[in-house]
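Let me begin by presenting the structure, written as structure tokens, before commenting on it.
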Amino acid sequence: MIVLKDILYRVNLEKVVGNTSVAISNIEFDSRNVGLNDVFVAIKGTVSDGHEYIKNAADQGAIAIVCETLPETIINGITYVQVTDSQRALAYMAANFHENPSEAIKLVGVTGTNGKTTIATLLYQLFTKAGFEVGLLSTVKVMIGAKEYPATHTTPDSLTINNYLAKMVQAGVEYCFMEVSSHGIHQKRTEGLHFQGGIFTNLSHDHLDYHSSFKEYRDVKKSFFDQLPKSAFALTNVDDKNGSVMLQNTQARKLSYGLQNYADYKAQILENQFTGLLLKIDSHELWVKLIGNFNAYNLLAIYATADLLGLETMETLQLMSTLESVNGRFQYTISKGKITAIVDYAHTPDALKNILETINAIRTGNEALITVVGCGGNRDAEKRPKMGQIAASLSTKVIFTSDNPRNEDPDAIIAQIEKGVPAEHFKKTTSVTDRKQAIKTACLLASEGDIILIAGKGHETYQEIKGERKDFDDFKIVNEMLTHLEK
């Protein structure tokens with residue numbers, strides 16, 4: 001039996017009306033899911049305010065209400081708990097409800113603009129190969145050992161996180177690697193969790209539709225490290241100009257990695273090819289199947305994390321050489337006609353620049369680089385012209401198209417992207433609103449040896465248009481197009 005007062009441990013209470021010794025069945029923050037003897041937590045969200053649904057929750061059998069503002073009508077038999085912050089309260093309540101599962105696992109969080117999915121997923125791969133039971137909470141999927149669950153958010157709500165962590169404890173998981181998004185941090189979804197370590201990848205323009213400024217976006221990321229305990233490690237990319245900022249106020253053990261500046265963990269790129277990278281890490285040479293400068297940083301972060309978690313160096317290096325790229329992250333195929341098609345999640349200016357510069361560093365210059373790219377609707381519009389400028393400047397030909405337009409007009413989004421194209425590059429750009437047709441156009445334009453980059457959606461297997469999701473897989477479509485056109 002779970003008692004209300006037991007799950008309120010560490011919650012900042014303002015006022016209690018009623019009895020906190022009542023037994024509860026579950027915690028809910030969506031009033032539609034409330035059942036008999038549940039606790040309803042009223043949260044002020046970006047779209048709606050849970051306080052407006054307190055009566056609905058009571059009508060559906062809630063035995064307790066947790067809220068920031070007490071309702072005017074108090075119903076006998078229901079306990080009302082007024083708190084200073086409902087989102088923070090929910091996080092601690094969720095952890096307490098599941099007996100704080102993060103304390104029974106070595107939980108490592110990965111945050112930054114780019115690289116979170118790759119680092120978390122490859123750490124999951126590496127530690128699994130090392131013989132451990134491992135968990136993964138990522139944008140692409142949730143893994144509990146070998147069992148896979150679909151992912152809905154980069155960082156799920158605190159109830160979902162703790163539910164998965166509890167399942168991991170039951171399954172004997174020893175390590176869990178988790179993507180930590182700025183939305184997740186800002187909405188207190190990761191509070192109440194005990195982290196063994198935190199990794200900072202990099203920071204560039206993203207999510208400014210949600211955060212009021214780049215400074216706020218940076219400071220939200222920093223707050224994750226501010227909250228790490230003394231027992232944890234804080235590992236930062238020292239080559240990123242915001243890397244040192246992340247560690248300014250953390251109590252955790254401060255460590256760094258980098259390719260350019262002095263760092264605790266240092267690497268050098270010896271060779272960079274489409275087939276992989278030859279790296280030198282701490283005097284050891286290592287061939288890996290991933291490519292590009294950005295992956296050199298990801299791999300160095302993985303190496304450092306494995307070391308900090310106690311893996312033996314030579315075993316780590318050997319296992320790193322076997323790691324496979326993550327779906328939708330520089331995922332490539334070479335057709336019978338020797339056209340290389342690459343699908344990548346690059347949906348920020350920095351990520352697009354990184355991927356294009358990586359391809360240009362490898363190509364001889366004789367091959368054309370044809371880029372298909374768009375920008376998501378109902379998201380940060382400021383980055384759109386920047387994406388256009390980068391794509392046009394670093395590609396031979398560019399096809400601007402739809403990404404996930406959501407509820408926006410796709411042609412209006414494309415027009416905003418086109419505004420960033422420098423006049424001298426405008427002739428090599430075209431617009432094809434239908435994404436499938438845009439991919440087909442790229443395939444028709446490509447000749448033997450040419451490279452097609454399809455950027456923005458990566459691992460996603462859907463396209464969202466006017467609120468409706470339809471099946472759409474960039475990698476599958478480009479393979480089908482190339483196969484069909486080469487018959």
Side-chain angles (χ1 to χ4, degrees), residues 27 29-30 41 43-47 50 85-95 97-98 100-102 105 107-121 123-124 135-143 149-166 168 176-204 206-212 214 216-229 232 234-236 242 246 250 252 345 347-348 376 378-380 459-460:
I27 307 170
F29 61 90
D30 184 335
V41 183
I43 291 174
K44 293 176 181 176
T46 52
V47 178
D85 187 325
S86 292
Q87 287 179 321
R88 181 175 278 118
L90 177 66
Y92 284 109
M93 289 167 68
F97 184 84
H98 289 286
N100 295 289
S102 63
I105 292 175
L107 177 65
V108 176
V110 189
T111 195
T113 305
N114 303 310
K116 296 188 297 295
T117 302
T118 297
I119 290 173
T121 305
L123 279 167
Y124 166 82
L136 172 69
L137 290 165
S138 82
T139 304
V140 179
K141 59 188 175 183
V142 174
M143 298 295 297
Y149 298 83
T152 54
H153 295 78
T154 300
T155 306
D157 65 79
S158 49
L159 284 174
T160 304
I161 292 171
N162 281 281
N163 183 41
Y164 278 131
L165 289 174
M168 289 180 193
C176 176
F177 302 102
M178 174 182 177
E179 288 188 54
V180 179
S181 68
S182 60
H183 290 67
I185 300 166
H186 189 254
Q187 293 172 13
K188 320 284 196 320
R189 298 180 209 163
T190 56
E191 293 216 12
L193 300 179
H194 179 81
F195 284 93
Q196 183 84 10
I199 304 166
F200 171 72
T201 62
N202 50 64
L203 205 67
S204 63
D206 199 19
H207 299 308
L208 298 192
D209 56 314
Y210 180 85
H211 301 288
S212 61
F214 186 83
E216 186 201 300
Y217 175 49
R218 180 199 69 196
D219 290 348
V220 166
K221 293 283 190 188
K222 177 182 174 294
S223 69
F224 170 69
F225 294 92
D226 293 348
Q227 293 165 20
L228 289 177
L235 177 66
T236 193
N242 291 291
M246 297 296 138
T250 188
Y345 189 51
H347 64 290
T348 67
N378 304 110
R379 297 292 187 271
D380 183 3
H459 64 280
E460 294 175 351

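Hydrogens, waters and symmetry mates play no part in the numbers below; they use all other heavy atoms, side chains included.
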Donor-acceptor contact present, side-chain Thr236 to main-chain Phe200, <3.5 Å: no

Reported OG-to-CZ distance for the pair Ser86 and Phe29, which is rounded to 0.5 angstrom: 12.0 Å

Partners passing side chain to side chain contact (heavy atoms under 4.5 Å, CB included) against Ser102 (at least two apart in sequence or in another chain): Leu107, Leu165, Leu193, His194

OG on Ser223 to CD on Glu216, rounded to 0.5 Å: 10.0 Å

Donor-acceptor pair, side chain of Lys116 and main chain of Val110, under 3.5 angstrom: no

Residue list, ring pair (Phe, Tyr, Trp, His ring centres under 6.0 Å) with His459, at least two apart or on another chain: Tyr345

Minimum-distance pair of heavy atoms, taken over all atoms of Ser181 and Gly184: OG-N, 3.0 Å

Shortest non-hydrogen contact from Met93 toward Val41: CE-CG2, 4.0 Å

side-chain hydrogen bond (donor to acceptor under 3.5 Å, both in side chains) involving Thr160 - partner list, sequence neighbours excluded: Asp157

Ile161 side, atom CD1; His98 side, atom NE2 - distance, nearest 0.5 Å: 11.0 Å

Distance in Å, Leu137 CG paired with Thr139 OG1, rounded so as to fall on 0.5 Å steps: 10.5 Å

Spatial distance of atom CD1 (Ile185) from atom NZ (Lys222) [nearest 0.5 Å]: 12.0 Å

Contact summary for Ala120 and Glu179, nearest pair of heavy atoms: CB-CG, 4.2 Å

Separation between CD1 of Ile43 and CG of Leu90, rounded to the nearest 0.5 Å: 4.5 Å

Thr201 to Gly115 - nearest heavy-atom pair and separation: CG2-C, 4.2 Å

Side chain to side chain contact (heavy atoms under 4.5 Å, CB included) between Gln87 and Lys44, intermediate numbers included: CA-CA 8 Å; Gln87 287 179 321; Lys44 293 176 181 176; over 6 Å; no

Ser158 backbone acceptor or donor facing Asn162 side chain under 3.5 Å: yes

Whether Thr111 side chain and Val180 backbone form a donor-acceptor pair below 3.5 Å: yes

Residue list, side-chain hydrogen bond (donor to acceptor under 3.5 Å, both in side chains) with Gln227, at least two apart or on another chain: none

Minimum heavy-atom distance between Thr250 and Phe225, given as atom pair plus value: OG1-O, 2.7 Å

Pair Asn242-Lys221, side chain to side chain contact (heavy atoms under 4.5 Å, CB included): steps then yes or no: CA-CA 10 Å; Asn242 291 291; Lys221 293 283 190 188; over 6 Å; no

Residues that Tyr164 engages under ring pair (Phe, Tyr, Trp, His ring centres under 6.0 Å), provided they are two or more places apart: Tyr149

Closest contact, heavy atoms only, Thr117 versus Val140: CG2-CG2, 3.6 Å

Partners meeting ring pair (Phe, Tyr, Trp, His ring centres under 6.0 Å) with Phe97 (sequence neighbours left out): none

